[in-house]
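Take a look at the structure below.
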2 protein chains.
Amino acid sequence: MAQLPTVDDVAQRAGVSRQTVSNVLNSPEIVREATRLRVQAAIAELGYRPHASARRLRTQQSSTIGVRLNPVLNGISGSILDLYLHALGERADERGMRIMLFTAHDIDDEIRHYQELRDGADVDAIVVTATFYDDPRIEWLAAHRMPFVAFGRPWGRADLDDPDRLWVDVDGRAGTRKATEHLVKRGLRRIGFLGWPLGSGTGDDRRAGWQDAMVAAFGSGEAELAELSMETDEGVRPGRVVIEELIARCDAAAHPLDALVCASDSLALGAMMAVREAGLPHFPIFGFDNTPTAQAVGLSSVDQRLGEVAAGTFELLMGATGRRVLPHGSGSDDDPRHRLITPQLVVRRSSHLELVEEAGGTVPGNHDRKE
Amino acid sequence: MAQLPTVDDVAQRAGVSRQTVSNVLNSPEIVREATRLRVQAAIAELGYRPHASARRLRTQQSSTIGVRLNPVLNGISGSILDLYLHALGERADERGMRIMLFTAHDIDDEIRHYQELRDGADVDAIVVTATFYDDPRIEWLAAHRMPFVAFGRPWGRADLDDPDRLWVDVDGRAGTRKATEHLVKRGLRRIGFLGWPLGSGTGDDRRAGWQDAMVAAFGSGEAELAELSMETDEGVRPGRVVIEELIARCDAAAHPLDALVCASDSLALGAMMAVREAGLPHFPIFGFDNTPTAQAVGLSSVDQRLGEVAAGTFELLMGATGRRVLPHGSGSDDDPRHRLITPQLVVRRSSHLELVEEAGGTVPGNHDRKE
DNA sequence: GCCGAAAGTTTGAACGATCAAATCTTCGGT
DNA sequence: ACCGAAGATTTGATCGTTCAAACTTTCGGC
């Protein structure tokens, strides 16, 4: 058999017509059982598989979603998008969807790709990541009625509930609150926060969670909160530098720092190095993102549960169990247009460089504890 | 304009026929200049873009390659496949190609996906990663005459030069040799190697590079090589445990260890922790893979140059400058069927936890040095 | 036993492009 | 001015599938 079998081959074999074969595949319930079984047998015998491009041409659907593969910016945390991608891939498989990747050098380039993918009927929907205030990509997608989901809230926009703006995101505030509460429960009092400069939606959100917990537990006032927190740029080095200042400041105030919650694993790693240098081997630290690095060095962190995020992405695009992408702007009113995932603590034994105290097993299992 | 424009719309606008429009797009040289300009103007005015699925149906080509997105196994080093994917994406864009991702739970599942992608004409070729001895995926692809490139040599096979087996890989041996030579040049004598258990092609290859350099520089014999090297499973913890033994062993022999070359960044990170515990703050260590983690903690490493690997992948699939995938088994005899990329050292100042000695700049630039 | 509706199946057309062959133009040579 | 070949353009068919409408069969009710 030189050629791949087509519907006609199957039809001939089963003694029915093209369309009946097509029906067996797409709406089996309207075909009489006897015929259906005969056709299915023929399909199996010939090893027939529908030709995806032909189907797409006819249905104008690709069963494919497009995702931009962002350039690796920040060493450590860049990988969370990769983890999301992995999770998306698995969920896509369950729904019979595919993922098409593309790279772009800037936003305009990305929009150019959207257009190509749309016009070529290559994708049914787009997943937009790393969204920002007044994102032109969102405007473009909405204007062209292209189905999409954003990973990341439309920070600062009034239209959080705009039915045209589907989004999934991680509730960072709940995450840092959980981390802080965990430290409070362990009897710690002076819990600091190391975050990013004010103004980034995500960063402010994570700081708010720490603040919530501190106010609830100790009724901390503005002054104390300011004394216990610092802001700096993302990265290991900035984290290390700034945390020294914070420790010094608290020591000077005669209320030494007890523990630390950070806005990212990078910052936390820097802080971890600084506290070790400062001779505080058991200083508890929480990172955020639960990156492979955190796992490797035994840093406690907040896991974003990207599997849930990916599942939410498809729910928004295709409904709870649907097998095709819903048109842009549809969706029932009782179904919210977004998903906010609550992250999970991953507590690694001493909340910092744990390995030092461990017994020397050769192939240790996973000691992470989730809560 | 409700519908997207088609070739017919453009043809009508330009006062020519369908086929002429098609020719302008696919073989412009056979169209008279005047006509070509008229058609191009019409294309621009209407914003026409060819419908990818229709083209695929007719040409039986998808301009898409399939890549399996492997599950994140080992925390740190898993990301090198992601980096490769990024690089592939950029090269694909240059060639007008797309990348389709898929996930699979095991090898059989992966082959099932191959079949689907092939039968649906979804992809023109497959990129296979993490290949191993007598890989059934390779057999399947070759048997079904599906074009493919493997990232990773067919270790242990006699058919390294089988024209049916296209592969790209990184010359790990050259990488560890370079790293070792670098340490030799810095005046170090007792340079150890921390690798994986014998029998893994990649691991043995990396060990061989270290051995090459040690023999060339010092004429090291079997005994010394054995004394200076250890094997263990991949991971931070195993690395840390084993390196303590190695240090102790060398101290006992009255020839303390001076430096270390490792088969992975994970092992190197473990080693880094161990030597710091042992009170050796300036002990030079080289990792392998140049992962984000290595970058973050200032670990010297060997960069695989995945951009080059990705470029090689497309050269093998499509020729030096081609825009379409070559059929399986084609390719001229003078063009080798593989690419072996020489990696690059990334020397971070002291070849280990550098941050400690640095001045406290707030937003430091990239201090990595490549050689 | 006939009628009509419902269920099941088939037929022709279409999706939007390219291939192969047919037709029309151009143009140099005699 | 005519011929033939090369160059440029058009026409009909086709890729494999699904849609829409036409057609055939089944079956309950009177």
Side-chain angles (χ1 to χ4, degrees), chain A residues 1-40 42-43 46-63 96 116 118-122 124 323-324, chain B residues 1-40 42-43 46-63 96 116 118-122 124 323-324:
Chain A
M1 192 212 313
Q3 283 299 90
L4 251 39
T6 75
V7 270
D8 283 306
D9 299 324
V10 176
Q12 196 166 4
R13 178 93 167 210
V16 295
S17 72
R18 257 176 316 167
Q19 185 59 37
T20 301
V21 177
S22 174
N23 287 339
V24 169
L25 265 72
N26 300 304
S27 14
E29 69 281 1
I30 70 166
V31 179
R32 197 203 321 233
E33 176 158 14
T35 339
R36 191 177 61 230
L37 292 174
R38 204 147 32 93
V39 171
Q40 281 165 339
I43 289 177
L46 296 175
Y48 165 80
R49 300 200 141 280
H51 192 290
S53 293
R55 173 178 279 170
R56 278 176 214 163
L57 172 59
R58 181 66 245 221
T59 62
Q60 306 286 22
Q61 293 200 333
S62 62
S63 297
E116 270 188 29
R118 184 186 114 100
D119 294 352
D122 273 314
D124 293 338
R323 309 267 312 168
R324 55 183 51 186
Chain B
M1 190 216 311
Q3 282 300 88
L4 250 39
T6 75
V7 271
D8 284 305
D9 298 324
V10 176
Q12 195 167 4
R13 178 91 167 212
V16 295
S17 72
R18 260 176 308 161
Q19 184 59 37
T20 301
V21 176
S22 173
N23 287 337
V24 168
L25 265 72
N26 300 305
S27 10
E29 69 281 1
I30 71 164
V31 178
R32 201 203 318 234
E33 177 157 16
T35 336
R36 190 177 63 230
L37 292 174
R38 206 147 30 95
V39 171
Q40 281 166 341
I43 289 177
L46 296 176
Y48 165 79
R49 297 203 142 279
H51 191 290
S53 293
R55 172 179 280 170
R56 278 173 208 166
L57 173 58
R58 183 66 243 224
T59 63
Q60 306 286 21
Q61 296 200 331
S62 62
S63 297
E116 270 188 31
R118 182 186 116 101
D119 295 349
D122 273 314
D124 293 339
R323 310 264 315 164
R324 56 183 51 187

When the distance from [atom1] of [X] to [atom2] of [N] is rounded to whole Å, what number comes out?
X: His51(B); N: dT17(D); atom1: NE2; atom2: C1'; result: 13 Å
X: Arg56(B); N: dC19(C); atom1: CZ; atom2: C1'; result: 19 Å
X: Leu57(A); N: dT18(D); atom1: CG; atom2: C1'; result: 10 Å
X: Gln61(B); N: dT18(C); atom1: CD; atom2: P; result: 12 Å
X: Arg55(A); N: dC15(D); atom1: CZ; atom2: P; result: 19 Å
X: Asp122(A); N: dG16(C); atom1: CG; atom2: P; result: 14 Å
X: Gln60(A); N: dC15(C); atom1: CD; atom2: P; result: 9 Å
X: Arg49(A); N: dG16(D); atom1: CZ; atom2: C1'; result: 16 Å

*asked:* Using C1' atoms of five pairs at each end, report the bend of the helix from dG1(C)-dC30(D) to dT30(C)-dA1(D) rounded to 10 degrees.
replied: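 Comparing the first five pairs with the last five, the axes sit 50° apart.
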_dA17(C) OP1/OP2 closer than 4.0 Å to side-chain N/O of Ser22(B)_ = no
*Applying side chain to side chain contact (heavy atoms under 4.5 Å, CB included), run through Asp122(B) and Arg56(A) and close with a yes or a no.*
CA-CA 11 Å; Asp122(B) 273 314; Arg56(A) 278 176 214 163; 2.5 Å; yes
*Value rounded to 0.5 Å, distance of NE2 in His51(A) from OG in Ser53(B)*: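 Those atoms lie 10.0 Å apart.
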*asked:* Using 0.5 Å steps for rounding, measure from the CG atom of Leu4(A) to the CZ atom of Arg118(B).
replied: 6.0 Å
*Kindly state each residue pair satisfying salt bridge (Lys or Arg N to Asp or Glu O under 4.0 Å) with at least one member in residues 13-27 of chain A, sequence neighbours excluded.*
Arg13(A)-Glu45(A)
*Residues which pass side chain to side chain donor-acceptor pair (under 3.5 Å) with Asp124(A), listed by chain and number, not counting sequence neighbours*: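 Counting only residues at least two positions away or on another chain, Asp124(A) forms a side chain to side chain donor-acceptor pair (under 3.5 Å) with Ser62(A).
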*Indicate, with a heavy-atom threshold strictly under 4.0 Å, whether Asn26(A) touches base, sugar-phosphate, or nothing.*
sugar-phosphate
*Under 4.0 Å protein heavy-atom contacts per nucleotide of nucleotides 7-13 of chain D, with B for base, S for backbone only and - for none*: -SSBBBB
_Just checking Gln12(A): does its CD atom have more than 12 heavy atoms from other residues, nucleotides or ligands closer to it than 6.0 angstrom?_
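Atom CD in Gln12(A) is not crowded, with 12 or fewer foreign heavy atoms closer than 6.0 Å.
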*What pairs with Asp9(A) under side chain to side chain contact (heavy atoms under 4.5 Å, CB included), at least two apart in sequence or on another chain?*
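Expected list: Pro5(A), Thr6(A), Leu46(A).
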Compile the donor-acceptor pairs under 3.5 Å between side chains in residues 23-31 of chain A and protein atoms, sequence neighbours left out, one pair per line.
| from | atom 1 | to | atom 2 | distance (Å) |
| --- | --- | --- | --- | --- |
| Asn23(A) | OD1 | Gln19(A) | NE2 | 3.1 |
| Asn23(A) | ND2 | Gln19(A) | O | 3.4 |
| Asn26(A) | ND2 | Ser22(A) | O | 3.0 |
| Asn26(A) | ND2 | Ser22(A) | OG | 3.3 |

*Minimum heavy-atom separation for Ala14(A) to Arg38(A), with atom names?*
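That would be O-NH1, 2.7 Å.
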